[in-house]
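As structure tokens, the structure follows; a few thoughts come after it.
Both counts, for ligands and for their atoms, begin at 1 and track the order of listing.
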Amino acid sequence: MQNTVKKAIFPVAGLGTRFLPATKSIPKEIMTLVDRPLIQYAVDEAHAAGIEEFIFVTSRGKGALEDHFDRAPELEATLERKGKTGLLEALRSTNLDSGAIATVRQRQALGLGHAVWCARHLIGDEPFAVLLPDDVIAADTPCLRQMAEAHAETGGNMMAAMEVAPDQASSYGILDVPLGMSPTLPVTGMVEKPAPGTQPSNLAVIGRYILTPRVMHHLGEIAPGAGGEIQLTDAIAREIEVTGNVYGYRFRGERFDCGSKAGFLRATLAFGLARDDLGDALEDYMYQLIAQRRAAE
Ligand code: G1P
């Protein structure tokens with residue numbers, strides 16, 4: 001695979017109010033799905049797609065995110081002394097090389113598009129990926145890698161896309177695309193959080209993007225959109241008008257909305273069940289729990 005995309009932006013400045021009080025003292029992205037923080041899933045996915053530079057757009061109180069990917073010398077020494085090689089390996093797999101991570105601050109919560117724009121000086125004149133860590137995607141081939149492979153054919157801009165129920169469309173960026181079953185679809189328009197019943201399709205944008213530097217440029221020029229925020233969707237929509245080189249990519253895999261409590265719980269069950277060391281016991285317990293609930297009805 002000829003991969004030209006080496007930099008990825010992770011917008012992680014959000015306050016995570018939906019998970020209060022948990023997020024009073026820890027960043028939402030550090031909340032754990034089984035035994036790994038949410039951010040780890042996104043970083044691993046980017047890594048698997050050939051990303052070499054990881055740019056976190058943070059805000060106050062997000063220091064734990066940087067620490068998580070740094071070395072932990074005392075912990076490593078202790079595990080080494082005790083001969084706990086499995087744990088040591090798990091720990092070391094989280095280390096990123098010096099200089100691989102950069103952070104920039106978003107000083108004010110002005111929207112996803114604004115958060116991405118905050119990384120403009122680190123991106124320069126290169127294509128870049130954006131991963132929203134709230135969207136966790138279980139897939140045999142990691143989603144961003146699938147996209148990078150498709151993008152090597154198309155170039156331009158690409159977003160992960162998935163069908164959603166019509167009554168859910170107003171929670172997403174929605175694509176205007178020709179009918180068809182091909183995974184890569186040329187996009188002729190897109191709208192952020194359309195009013196119920198006005199969506200151009202039921203194909204929603206999911207938080208994985210491969211973008212050209214021009215989209216970054218548009219982000220610096222566009223006015224606030226849906227919710228009074230600078231929207232990434234609007235900058236990409238402008239690029240559709242300018243070059244038309246924008247694609248939706250129907251990925252293979254299951255997406256979990258870990259920005260909601262219900263989605264986080266579902267992901268916890270699905271990832272727990274998929275684990276060799278936990279799956280069987282968890283499944284037994286789930287059956288037991290369901291039987292108890294049924295008996296009590
Ligand atoms: C963001 C994007 C939206 C996209 C969604 C996917 O919305 O603005 O276009 O469909 O992520 O998760 P948010 O969930 O931040 O409101």
Side-chain angles (χ1 to χ4, degrees), residues 8-19 23 27-29 33 38-39 41-42 45 57-59 106 108-119 129-139 143-144 147 157-177 185 187 189-196 198-211 215-216 218-219 222-240 246-251 253-264 266-267:
I9 300 175
F10 301 80
V12 288
L15 291 174
T17 46
R18 277 199 262 178
F19 286 94
T23 46
K28 172 177 72 170
E29 299 79 13
L33 197 48
L38 272 191
I39 186 69
Y41 291 86
E45 187 182 323
V57 181
T58 68
S59 57
Q106 185 188 26
Q108 262 181 297
L110 298 178
L112 173 62
H114 178 261
V116 170
W117 181 76
C118 289
V130 177
L131 295 94
L132 309 186
D134 274 357
D135 284 331
V136 175
I137 300 168
C143 180
L144 191 66
M147 289 172 67
N157 300 272
M158 185 172 275
M159 295 155 282
M162 170 185 115
E163 302 279 345
V164 294
D167 65 346
Q168 298 293 307
S170 60
S171 301
Y172 294 92
I174 299 290
L175 300 177
D176 196 346
V177 284
L185 300 162
V187 179
M190 58 190 291
V191 49
E192 181 67 18
K193 303 199 170 57
T198 67
Q199 64 268 25
S201 77
N202 292 325
L203 203 61
V205 175
I206 297 305
R208 302 289 184 272
Y209 308 76
I210 296 176
L211 301 172
V215 170
M216 193 64 98
H218 299 322
L219 280 172
I222 57 174
E229 299 187 336
I230 303 286
Q231 296 291 352
L232 185 55
T233 296
D234 295 345
I236 302 170
R238 181 174 282 197
E239 188 58 11
I240 298 171
V246 177
Y247 303 88
Y249 181 79
R250 257 196 267 250
F251 58 94
E254 187 175 3
R255 172 259 187 174
F256 296 91
D257 174 13
C258 289
S260 78
K261 287 178 217 180
F264 206 109
R266 279 197 202 114

> What residues form a side chain to side chain donor-acceptor pair (under 3.5 Å) with D257, not counting sequence neighbours?
Replying inline: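 D257 satisfies side chain to side chain donor-acceptor pair (under 3.5 Å) with no residue once adjacent residues are dropped.
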
Check: [X] N/O within less than 3.5 Å of ligand 1 N/O:
{"X": "E192", "value": "yes"}
{"X": "S171", "value": "no"}
{"X": "V205", "value": "yes"}
{"X": "I206", "value": "no"}

>> When you measure from atom 15 (O) of ligand 1 to the protein, is at least one non-hydrogen atom found at a distance under 4.0 Å?
In response: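 Protein heavy atoms within 4.0 Å of atom 15 (O) of ligand 1 - there are none.
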
>> Under 4.0 Å and counting heavy atoms only, is there anything from the protein next to atom 7 (O) of ligand 1?
In response: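 Within 4.0 Å: yes, protein heavy atom nearby.
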
>> Quick test of your reading of the structure: of L175, V191, D135, whose heavy atom lies closest to atom 12 (O) of ligand 1?
In response: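 Closest candidate by heavy-atom distance is D135.
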
> What's the spacing between F251 CZ and L144 CG if we round to 0.5 Å?
Replying inline: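 These two atoms lie 12.0 Å from each other.
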
>> Taking 4.0 angstrom as the limit and counting only heavy atoms of G173, give me the atoms of ligand 1 inside it, by number and element.
In response: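 Numbered from 1, ligand 1 contributes 3 (C), 4 (C), 9 (O), 10 (O).
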
> Taking the non-hydrogen atoms of R208, is any one of them nearer than 4.0 angstrom to ligand 1?
Replying inline: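 It does not, in that no heavy atom of R208 comes within the 4.0 Å cut-off of ligand 1.
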
>> For F10, give me all partners under ring pair (Phe, Tyr, Trp, His ring centres under 6.0 Å), at least two apart in sequence or on another chain.
In response: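 With neighbours one apart ignored, the set is F56.
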
> Which bit of D257 is near ligand 1, meaning a heavy atom under 4.0 Å away: side chain, backbone, both or neither?
Replying inline: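 Looking at D257 and ligand 1, no heavy atom falls under 4.0 Å.
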
>> Under 4.0 Å, heavy-atom basis, I'd like to know which part of E229 is in contact with ligand 1: side chain, backbone, both or neither.
In response: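 Under 4.0 Å from ligand 1, E229 contributes no heavy atoms.
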
> Any idea which protein heavy atom is nearest atom 11 (O) of ligand 1, and the distance to it?
Replying inline: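 Of every protein heavy atom, L132 CD1, 3.4 Å lies nearest to atom 11 (O) of ligand 1.
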
> Does CZ belonging to R266 count more than 12 external heavy atoms closer than 6.0 Å?
Replying inline: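 Incorrect, the count does not exceed 12.
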
